[in-house]
Amino acid sequence: MIDMRDVGVRVLLGEVASEKLPLIAAQALADGLDSPSLRELAGLSHEEHREARELLDQVIDELGLPGLPDEDQAIWETVWSYARRIVSGAIPPVDGAHAIACYAGGLMYPESLVRFAFLADLWEDGAARRAPLEQDIVREAAVMLRTTGGQLGAVGSDCDGQ
């Protein structure tokens with residue numbers, strides 16, 4: 001099921017264009033979500049992207065979801081989501097490390113994110129050492145979640161919009 005707050009975070013980060021919101025809203029309705037603003041959003045054309053973005057906030061409110069964060073918090077939520085997915089085994093550690101690393105610049109390169117870039121680069125450079133590096137990535141993700149408050153809501157996108 002579509003999480004409209006996730007969609008909102010992805011719009012904030014530039015990973016989902018506002019023009020796609022009517023289609024996403026229509027899919028959310030088909031999946032069983034419903035609110036007056038969601039129905040209105042689904043009925044917009046892709047040219048009405050400004051109105052779509054404004055309606056998104058109303059949809060989130062009507063569905064009783066937490067409001068959208070500021071951009072820095074949106075990045076952290078995305079990073080924490082990747083860290084949780086690394087720790088749970090839902091994604092390969094190196095894929096998660098690359099995804100986390102690509103957000104480092106948006107947060108002025110905090111050391112906790114730069115370490116993921118370093119480990120991902122080492123993984124790319126050394127086929128013989130990949131297993132221990134993957135364990136290091138998982139360990140680093142677990143530490144980051146414990147020390148930076150990563151228990152917040154999950155976001156499932158990646159910084160190149162894939």
Identify the heavy atoms of [X] and [Y] that sit nearest to each other, and give their distance.
X: V138; Y: P93; answer: CG2-CG, 3.8 Å
X: A142; Y: V87; answer: N-CG2, 3.6 Å
X: L29; Y: A42; answer: CD1-CB, 3.6 Å
X: P69; Y: V9; answer: CD-CG2, 4.0 Å
X: S18; Y: V11; answer: OG-CG1, 4.0 Å
X: I24; Y: M4; answer: CG2-SD, 4.2 Å

Quiz item: Just wondering, do D34 and R39 contact through their side chains at under 4.5 Å, heavy atoms?
Solution: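 Of all side-chain heavy-atom pairs linking D34 with R39, at least one is under 4.5 Å.
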
Exercise. With the side chain counted from C-beta on, respond yes when L63 and L65 share a heavy-atom pair under 4.5 Å apart, and no when they do not.
Key: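 The answer is yes; the side chains approach within 4.5 Å.
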
Nearest 0.5 Å, what's the [atom1]-[atom2] distance between [X] and [Y]?
X: Q27; Y: I2; atom1: CD; atom2: CD1; result: 5.0 Å
X: D70; Y: I75; atom1: CG; atom2: CD1; result: 9.0 Å
X: M108; Y: D72; atom1: CE; atom2: CG; result: 9.5 Å
X: D31; Y: D3; atom1: CG; atom2: CG; result: 11.5 Å

Let me check something: do [X] and [Y] share a hydrophobic cluster, defined by ILVMFWY side-chain heavy atoms less than 4.5 Å apart, either directly or through other members?
X: F116; Y: F118; result: yes
X: Y103; Y: V114; result: no
X: M1; Y: L23; result: no
X: L107; Y: V143; result: no

Self-check item: D57 and R53 ion-paired at < 4.0 Å
Solution: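 The answer is yes: the pair qualifies as a salt bridge.
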
Exercise. Please say which of R84, R5, R10 ends up in a salt bridge (charged side-chain N to carboxylate O under 4.0 Å, His left out) with E77.
Key: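 Result for salt bridge (charged side-chain N to carboxylate O under 4.0 Å, His left out) with E77: R5.
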
Practice problem: For T148 and W76, run side-chain hydrogen bond (donor to acceptor under 3.5 Å, both in side chains): C-alpha distance rounded to whole Å, both residues' side-chain angles, the deciding distance at 0.1 Å, then the answer. | Solution: CA-CA 9 Å; T148 62; W76 277 113; over 6 Å; no

Quiz item: Just by distance, do the side chain of E71 and the backbone of L12 share a donor-acceptor pair under 3.5 Å?
Solution: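 Here the side-chain-to-backbone pair does not exist.
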
Quiz item: Just by distance, do the side chain of E48 and the backbone of S45 share a donor-acceptor pair under 3.5 Å?
Solution: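 Yes: the side chain of E48 pairs with the backbone of S45.
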
Quiz item: Passes salt bridge (charged side-chain N to carboxylate O under 4.0 Å, His left out), E111 versus R115? Steps please.
Solution: CA-CA 6 Å; E111 184 180 338; R115 284 193 294 265; 3.0 Å; yes

Quiz item: Do we get R85 above Y82's six-membered ring, with its NZ or CZ under 6.0 Å from the centre and within 45° of the axis?
Solution: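 Positive - R85 is close enough to the ring of Y82 and near enough to its axis.
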
